[in-house]
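Working notes for the structure below.
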Amino acid sequence: MLLAALLISGFVAPSGGPGGPTDASGSGDVIGTPTALRNVPHGISAVADGRLLVYRMPGMRGNEVNATAMLFLPKKAPPPGGWPLFVWGHGTVGWAPQCAPSVQLQEHNTWVDGSNDELLASVLKMGIAVVAPDYEGLGPASAGVTAGHGYYDLSSEGNSMVFAAVAAQRYLGGKLSGQWAPGGWSEGGFAALSAAYYSASATKADPHLQYQGTIALAPVPDVPAMNKLLWQDIDEASESGLPPTAHQIDQLVFANAETIYFTKTEREAGYDVEPSQIYGPNMLRIYHQNWQTCLDDLNSLVKRDIQGYLGTSPSHRLNTYPGIRADADSSPQTRRFFERNQGKLESSTLPGSVLWLHGTDDITSPNSVTYNTVNKMVAHGNDINLSVLEGAGHYDVPVVGLPLIQARLKQLFAPEP
C-alpha cells in the first residue's frame with residue numbers, strides 16, 4: 001500500500017546558489033570523444049545508446065580533476081527543442097576508482113546500482129536523456145581518474161552531478177532542451193540534493209541549462225543520527241544474552257564497513273582524522289588492507305570477520321567486536337565533516353522543489369531521522385514534497401516509487417505554454 005504524505009512550503013532561491021557558484025573555468029569541458037559503452041543492461045540498450053563521457057570538474061581539494069559519466073540517449077530522434085536531461089546519482093559502490101559503475105559494467109559485466117537500470121530505462125522511454133556520473137574519484141584510470149572519492153562530501157558529489165550536466169550540454173548542444181533535473185538513490189539521493197545546492201554553477205557554466213527541481217530517493221540525510229540509532233539496537237542485542245540474529249549481525253556489518261569510505265574521504269579532504277582512534281584492531285587492519293575493496297565484497301569480508309570473532313568465545317558480543325568505536329562520530333574532526341556537509345545542506349534553502357521518497361521500513365535511513373531532517377529543511381524554507389511509501393525498505397523505494405518519479409518528471413519537463 002502506498003501512503004503519500006506531502007509536506008510543502010515555499011522557498012527563496014539563493015543568490016548564486018548556497019555558498020555561491022563554483023568558479024572553475026575548465027569544469028564541464030569534455031575530454032576526448034565519448035566512446036560506446038559495453039555490456040549495457042538490456043532494458044536500457046533496447047531503448048537507448050550508451051557512451052562514456054569524460055569531463056572536467058572542480059575537485060574537493062580545490063583542484064580540477066577528470067571525472068566520468070555514463071551518457072544514455074533515447075534511440076528515437078530528439079523532439080523539437082531537444083531532450084530534457086535527468087542526472088542520475090547511484091548508490092554506494094565503494095571508494096576506489098575501480099568500484100565505479102562504468103568500470104564494473106565494462107570490465108566485469110556487472111550493473112552495481114541495484115535495480116535502478118529498470119528505473120533509468122523507464123525514464124529513457126519517456127524521451128528523457130540520462131547522464132549518470134561515477135562521482136569524483138570513481139572511474140577508469142585510462143580516463144585520467146585518480147583515487148579521491150568524496151563520499152558524502154557536499155561539494156564533491158554536487159559538482160560531480162552539476163558538471164556532468166554541463167558536459168552533456170556542451171557535447172550534445174541543440175539535442176538537449178537545456179532543462180535538467182538531478183535525481184538519485186541512497187548516496188545518490190544525497191548527491192541529488194547536493195546538485196540542487198550547486199545548481200547555479202550549471203547555469204553559470206552554460207546559460208542554456210535550466211534547473212527544474214530534484215528527486216531524492218531514500219537519501220541518508222543525517223549519518224550521525226542514523227548511527228546513534230544503529231548502536232542502540234546493537235547494544236540491546238548484545239545485552240539480551242541471546243545469540244545474535246542474521247539481521248543483527250548485518251547491522252554491525254553496516255556500522256563498520258562503509259565507515260572506511262567516510263574515513264578515507266575525510267583524510268582526502270584534509271581533515272585531521274587518525275584511523276587508530278576510530279577503529280579497534282580488527283577494523284583497523286581491514287581499513288589499511290582493504291580500503292580499495294568495493295562495497296559488496298567489503299561487506300562480506302567484514303561479516304566473516306565478525307562471525308569469526310563471535311565464534312571464538314561465548315563471552316564475545318556484537319558490541320565488543322574490535323571494530324569501529326561506537327563514539328567515533330563524536331570526534332571533533334568527524335563532527336566538523338558532517339556539519340560542513342550534511343549539516344550545511346539541511347540548513348540551506350535549495351532552489352526549486354524536491355520530491356523526497358522514503359520507505360517506512362528503511363533501516364538505513366530510519367523514519368525518525370528522515371522526518372527530523374525534512375522538518376528542519378522545511379523550516380528553512382525548502383519546498384519539499386515528502387512521499388512516504390508504506391512498507392517499503394531501502395532497496396524498494398525506486399521500484400515502489402517509480403510512478404511518482406515518472407509523474408514528477410512529466411511535471412518538471414512539461415513544455416512551456
Side-chain angles (χ1 to χ4, degrees), residues 91-95 114 151-152 185-187 189-190 217-264 275 278-287 290-291 293-331 334 338 342 358-373 389 391-397:
T92 300
V93 294
W95 199 86
Y151 190 59
Y152 281 85
W185 168 72
S186 195
E187 179 187 356
F190 175 76
L217 314 180
V220 184
D222 188 337
V223 169
M226 179 269 294
N227 281 338
K228 184 177 180 180
L229 293 179
L230 189 61
W231 278 107
Q232 288 175 359
D233 289 345
I234 291 169
D235 286 338
E236 289 177 5
S238 301
E239 292 164 4
S240 71
L242 299 173
T245 65
H247 170 70
Q248 290 165 343
I249 291 174
D250 285 343
Q251 284 185 302
L252 186 61
V253 171
F254 180 59
N256 278 271
E258 292 179 39
T259 304
I260 288 178
Y261 305 150
F262 282 111
T263 303
K264 292 294 296 183
I278 297 174
Y279 303 102
N282 287 40
M283 276 304 295
L284 186 63
R285 169 179 51 80
I286 293 173
Y287 169 82
N290 302 100
W291 63 266
T293 305
C294 302
L295 182 61
D296 288 346
D297 290 337
L298 180 64
N299 282 338
S300 297
L301 173 67
V302 173
K303 186 172 185 176
R304 288 195 301 271
D305 197 70
I306 291 171
Q307 291 171 326
Y309 168 79
L310 294 173
T312 58
S313 171
S315 66
H316 287 175
R317 296 286 184 264
L318 292 176
N319 63 359
T320 62
Y321 172 69
I324 184 171
R325 305 182 195 283
D327 62 350
D329 288 344
S330 65
S331 71
T334 295
F338 284 114
Q342 290 189 310
H358 170 71
T360 58
D361 289 4
D362 188 342
I363 61 173
T364 304
S365 183
N367 294 334
S368 61
V369 175
T370 294
Y371 300 154
N372 186 50
T373 300
L389 310 179
H394 193 64
Y395 290 84
D396 303 324
V397 168

Hey, could you give me the [atom1]/[atom2] distance between [X] and [Y], rounded to the nearest 0.5 Å?
X	Y	atom1	atom2	result
His358	Thr370	NE2	OG1	4.5 Å
Gln251	Leu230	CD	CG	5.5 Å
Ile278	Arg325	CD1	CZ	9.5 Å
Leu295	Asn299	CG	CG	4.5 Å
Asp296	Leu301	CG	CG	12.5 Å
Met226	Asp362	CE	CG	10.0 Å

- Task: Please assess Gln248 against Ile234 for the test side chain to side chain contact (heavy atoms under 4.5 Å, CB included), listing each intermediate value before the final yes or no.
- Result: CA-CA 7 Å; Gln248 290 165 343; Ile234 291 169; over 6 Å; no
- Decide if the gap between the ring center of Phe190 and the ring center of Tyr151 is smaller than 6.0 angstrom.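 For Phe190 and Tyr151, the ring centres are not under 6.0 Å apart.
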- Task: Give a yes or no on whether the ring-centroid distance for Trp291 and Tyr261 is below 6.0 angstrom.
- Result: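 They do not qualify: ring centres at least 6.0 Å apart.
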Please give me the minimum heavy-atom distance between [X] and [Y], naming the atom from each residue.
X	Y	result
Gly359	Asn367	O-OD1, 3.8 Å
Leu298	Asn290	CD1-O, 4.2 Å
Thr312	Gly308	CG2-O, 3.0 Å
Asp329	Pro224	OD2-CA, 3.5 Å
Gly391	Thr360	N-OG1, 2.7 Å
Thr373	Pro221	CG2-CB, 3.5 Å

Could you verify whether a donor N or O on one side chain and an acceptor N or O on the other, from [X] and [Y], lie under 3.5 Å apart?
X	Y	result
Tyr395	Ser186	no
Tyr287	Thr259	no
Gln342	Asp222	no
Asp361	His394	no

- Does the side chain to side chain contact (heavy atoms under 4.5 Å, CB included) test come out yes or no for Val220 and Tyr152, once each step is laid out? CA-CA 9 Å; Val220 184; Tyr152 281 85; 3.7 Å; yes
- Before giving the answer on side chain to side chain contact (heavy atoms under 4.5 Å, CB included), spell out for Thr320 and Tyr309 the whole-Å C-alpha distance, their side-chain angles and the decisive distance to 0.1 Å. CA-CA 10 Å; Thr320 62; Tyr309 168 79; 2.7 Å; yes
Validation row: [X], [Y] side chains within 4.5 angstrom (heavy atoms):
X	Y	answer
Leu318	Pro244	yes
Thr92	Glu258	yes
Tyr279	Thr263	yes
Val369	Lys228	no
Asp396	Leu389	no
Val223	Phe262	yes
Val302	Ile260	no

With distance as the sole test, does [X] use its side chain to make a donor-acceptor pair with the main-chain N or O of [Y] at under 3.5 Å?
X	Y	value
Glu236	Asp233	no
Thr334	Ser331	no
Ser238	Arg317	no
Asn256	Leu252	yes
Tyr321	Gln307	no
Ser240	Ala237	yes

- Query: Does a side-chain N-to-carboxylate-O contact under 4.0 Å join Asp305 and Arg285?
  - Reply: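 Yes.
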